[in-house]
Amino acid sequence: GEFYTIQAPFKAYHSLDEAVRDYCILLTEEPAYLPALIFIGKSRDAYIDAMATIYATRETYPNDIKVTISANELSLYDKAFD
């Protein structure tokens, strides 16, 4: 229920491609994220909610992601939940 600051190192990348590849590996191979992967192909909202409990510290993160997807029609590019 309280906000707190986390100080952590950030990784620097030489290109966007390198960063995206590393991010995809993290989300699909890191054991902490495995519980969320069961929702791929089933429920985008359940996947976002499951990932948010692991990935984000901001309480509004799941809704922020859903609003961004909807506002920008990003579901058109997402084949995992067709």
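Under the side-chain hydrogen bond (donor to acceptor under 3.5 Å, both in side chains) criterion, Tyr61 pairs with no residue at all, not counting sequence neighbours.
Atom CD1 of Ile69 sits about 8.0 Å away from atom CG of Asp45, to the nearest 0.5 Å. With rounding to the nearest 0.5 Å, the separation of CG in Leu34 from CD1 in Ile54 is 8.5 Å. From Leu37, atom CG reaches atom CD of Glu29 across 10.5 Å, with rounding to the nearest 0.5 Å. Here Ile6 contributes atom CD1 and Tyr4 contributes atom OH; the two are 4.5 Å apart, rounded to the nearest 0.5 Å. Interatomic distance, OG1 of Thr53 versus CD of Glu59, reported as 13.0 Å (0.5 Å rounding). Of the inter-residue distances, the one linking Ser70 atom OG with Arg44 atom CZ reads 10.0 Å to the nearest 0.5 angstrom.
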Which donor-acceptor pairs under 3.5 Å do the side chains of residues 10-18 make with protein atoms, sequence neighbours left out?
unit_1 : atom_1 : unit_2 : atom_2 : d
Tyr13  : OH     : Asp22  : OD2    : 2.2
Ser15  : OG     : Glu18  : N      : 3.0
Asp17  : OD2    : Arg21  : NE     : 2.9
Glu18  : OE1    : His14  : N      : 2.9

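In terms of hydrophobic clustering, with Ile, Leu, Val, Met, Phe, Trp and Tyr side chains grouped at heavy-atom distances under 4.5 Å, Ile48 and Leu26 are assigned to a common cluster. By the rule that hydrophobic residues join a cluster once side-chain heavy atoms approach within less than 4.5 Å of another member, Ile40 and Tyr23 end up as members of one cluster.
Thr68 places none of its side-chain heavy atoms less than 4.5 Å from the side chain of Ile65. Side-chain contact between Val67 and Asn63: present, with at least one pair of heavy atoms (C-beta onward) separated by less than 4.5 Å. Here the side chains of Asp49 and Tyr47 are not in contact, with every heavy-atom distance at 4.5 Å or above.
One N or O on the side chain of Thr28 and one on the backbone of Cys24 form a donor-acceptor pair closer than 3.5 Å.
In this structure, Leu27 and Tyr33 approach most closely via the heavy-atom pair O-CB, 3.7 Å.
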